[in-house]
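In what follows, a structure is listed as structure tokens, so that the remarks can point back to it.
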Amino acid sequence: MLDPKFVRENYDYIEKMLKLRKMEGACDINELKTLDDKRRDLSSEMNSLREERNSVSKSIGIRKQKGEACDDLMEHVQTINDKIEAITDSLNKYDTAYNDIMLSIPNRLHESVPEGTDESFNKVVREWGEKPTFDFEPKPHYDLGTDLKILDFERGVKLAGARFYVYRGLAARLERALISLMLDTHTNEHGYTEVFAPFLVNDESMIGTGQYPKFKDEYYRLDRDNLSLIPTAEVTLTNLYRDEILTKEDLPLYVAGQSSCFRREAGSAGRDTRGLIRVHQFQKVEMVKFVDPESSFDELEKLVANAEAILQKLGLHYRVLLLCSGDTSASSCKTYDLEVWMPGLNRYVEISSCSNFLDYQARRAMIRCKSKDGGKPEYLHTLNGSGVAAGRALAAVMENYQHEDGSIGVPEALKKYLER
RNA sequence: GGAGAGGUGUCCGAGCGGUCGAAGGAGCACGCCUGGAACGCGUGUAUAGUGAAAGCUAUCGAGGGUUCGAAUCCCUCCCUCUCCGCCA
């Protein structure tokens with residue numbers, strides 16, 4: 001959510017930003033203005049009515065103590081209460097409508113974000129390594145894995161349905177090794193604290209990071225228990241400090257954790273139906289930062305570098321994209337995607353997404369910081385990035401390290417995790 | 001799952017229908033005292049909204065109700081603790 005004051009003073013900017021994101025229709029700014037005025041009028045009226053009621057009630061107390069009659073005052077309060085009741089409903093209505101629009105307004109965009117309507121306008125900011133060359137036709141990971149009997153899609157379907165899979169032997173061990181490499185790197189070399197958190201969360205958490213209420217169809221929810229399966233550890237790691245005021249001097253705080261991630265993939269029927277690229281459950285290491293607002297854009301660059309370090313250790317060619325305005329997610333101010341080269345699929349595949357949310361999530365989740373020396377609490381800035389998606393990393397390793405005979409090699413960095 | 005106890009400010013803890021945003025203490029900050037410190041003394045010490053400010057409003061786990069008035073009474077839910085049951 002944006003700062004209501006900022007919105008009130010910058011309607012023009014909001015309109016412009018919506019256009020850049022090609023979301024003009026998403027929220028009615030004129031309506032917002034009207035609602036804001038009405039609710040402010042009503043709430044100040046409410047405020048003075050309550051003031052009056054409180055003071056009259058107080059005098060009733062005083063009179064009663066003295067044993068004096070106070071029917072006239074009680075009658076007076078009754079008329080005030082009638083007035084309050086009369087405006088409560090419409091105030092609530094305006095408040096709700098106002099909040100609905102406020103919640104649907106996407107984050108501000110950073111000035112460096114390129115303008116564009118879709119992914120073709122994303123800007124390649126750098127590449128690392130080169131596409132490997134093969135003197136045979138490289139196979140996609142699902143063929144390699146099926147032939148080696150280490151990826152079992154048929155049994156995944158038997159157990160749970162389409163877009164589920166089973167790892168067996170080397171695939172299972174490789175993914176575990178990948179996760180270990182990632183967590184070790186982030187904790188030992190990048191200053192993150194490892195965190196292991198629940199995979200099921202309550203609605204407050206899903207709201208805090210913005211999954212609910214807007215995108216409910218995309219996630220699994222256990223209605224009987226009012227819990228949802230997390231689509232990413234961003235939810236738990238960011239909500240760690242929901243409703244808390246952190247000490248400003250302790251910032252920045254870096255946390256990293258692995259989790260399984262559960263996604264319904266509701267809108268993507270027919271896309272990436274084969275293999276590990278688009279599945280209902282995958283594992284991922286996530287990095288989350290809580291930082292001083294001053295430094296969040298520097299922290300974003302470091303965050304991307306942390307994700308890149310994993311791909312570099314694995315010797316995987318990738319490119320870094322700065323997402324254009326139309327492709328940047330609603331809650332993000334600026335996003336970099338890492339795309340890894342998959343020779344078997346003959347294309348780049350997104351393996352990490354690193355975003356600066358400014359105070360957008362912090363405001364929703366009420367995560368603030370305050371200096372030791374006192375002063376006002378302020379919303380801090382949150383960032384997150386995949387570091388990186390383990391299932392896709394496994395697929396990338398398989399495709400990039402494949403041999404002509406269908407076997408696959410192991411990147412140097414993973415060998416110590418695979419020793420028996 | 002059953003029985004009981006409880007959730008109050010940074011923390012401990014009082015309040016159980018009226019002038020309570022909330023006694024008292026601890027902690028912290030500032031000042032005095034001191035060569036310096038401890039002790040002692042004094043002052044201050046939640047968040048949000050609104051307002052130029054004084055102030056006003058809301059918040060005592062969450063939501064609803066009773067009442068002229070609720071931290072205090074009633075209902076629902078959540079959480080914590082103790083005992084029992086179950087269990088990787």
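Proteins get letters first, then strands, A, B, ... in listed order; numbering begins at 1 in each.
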G-U wobble or Watson-Crick pairing nucleotide for B/U50 (cut-off 3.5 Å, both distances): B/G55
Pairwise P distance for B/G1 and B/A14, with rounding to whole Å: 31 Å
Complement of B/A22, any strand, by Watson-Crick or G-U distances under 3.5 angstrom: none
Opposite nucleotide pairing with B/C86, Watson-Crick or G-U, both atom distances under 3.5 Å: none
B/U72 to B/U67 separation - P atoms, rounded to the nearest Å: 16 Å
Assigned partner base of B/A38, Watson-Crick or wobble definition, under 3.5 Å: none
Span that lies between the C1' atom of B/C12 and that of B/U8, in whole angstrom: 11 Å
A/Y94 six-ring centre to A/K38 NZ/CZ under 6.0 Å and within 45° of normal: no
Among B/A48, B/U50, B/C68, the one nearest A/V77 by side-chain distance: B/C68
Whole angstrom value for the distance that separates P of B/C78 from CG of A/D225: 11 Å
Distance in angstrom units between A/L91 CG and B/U50 P, rounded: 13 Å
Donor-acceptor contact present, side-chain A/N122 to main-chain A/C324, <3.5 Å: yes
Protein-to-nucleotide contact annotation, 5' to 3' order, nucleotides 53-67 of chain B [B base; S sugar-phosphate only; - none; under 4.0 Å, heavy atom]: ---BSS---------
Residue met sooner reading RNA chain B from 5', once A/R8 and A/P377 are mapped to nucleotides: A/P377
Criterion ring-ring contact (aromatic ring centres under 6.0 Å, His included) on A/H190 and A/Y254, from CA distance to verdict: CA-CA 9 Å; A/H190 301 151; A/Y254 297 174; 9.3 Å; no
Polar side chain donor-acceptor pair, A/H381 to A/Y360, under 3.5 angstrom: no
Toward the 5' end of RNA chain B, by each residue's nearest nucleotide, A/I245 or A/Q78: A/I245
Nearest-Å distance for atom pair CD1/P, residues A/I84 and B/C68: 13 Å
Donor-acceptor contact below 3.5 Å, side chain A/S259 vs main chain A/F199: no
Residue pair A/Q281 / A/Y165, side-chain donor-acceptor N/O under 3.5 Å: no
Nucleotide forming a Watson-Crick or wobble pair with B/C77, both distances under 3.5 Å: B/G61
Distance between C1' atoms of B/C74 and B/G55 (Å, rounded): 35 Å
Closest nucleotide among B/G18, B/U50, B/A46 to the A/K64 side chain: B/G18
A/R363 CZ to B/U47 P, straight-line distance once rounded to whole Å: 16 Å
Counterpart base for B/G17, defined by Watson-Crick or G-U wobble contacts under 3.5 Å: none
Interatomic distance at P, B/A37 relative to B/G24, whole Å: 29 Å
Whole-angstrom distance between B/C39 and B/C32, as gauged at atom C1': 14 Å
B/U67 - base-pair partner by Watson-Crick or wobble geometry, distances under 3.5 Å: none
Interatomic distance where CG belongs to A/N226 and P belongs to B/C79 [whole Å]: 11 Å
Nearest-angstrom distance, P atom, B/U10 to B/A22: 15 Å
d(CE, A/M102; P, B/G49) in whole Å: 12 Å
Cation-pi geometry met for A/K16 and A/Y13 (6.0 Å, 45°): no
Side chain A/S57, main chain A/N54, donor-acceptor under 3.5 Å: no
Under 3.5 Å: donor-acceptor pair, side chain of A/R264, backbone of A/D217: yes
A/K376 side-chain N/O to B/U47 phosphate OP1/OP2 under 4.0 Å: no
Inter-nucleotide P distance (B/A23, B/G18), Å rounded: 16 Å
Identified pairing partner of B/G44, criterion: Watson-Crick or G-U wobble below 3.5 Å: B/C28
Nearest-angstrom distance from the residue atom CG of A/N202 to P of B/C78: 12 Å
Integer-rounded Å distance: B/G69 C1' and A/I60 CD1: 7 Å
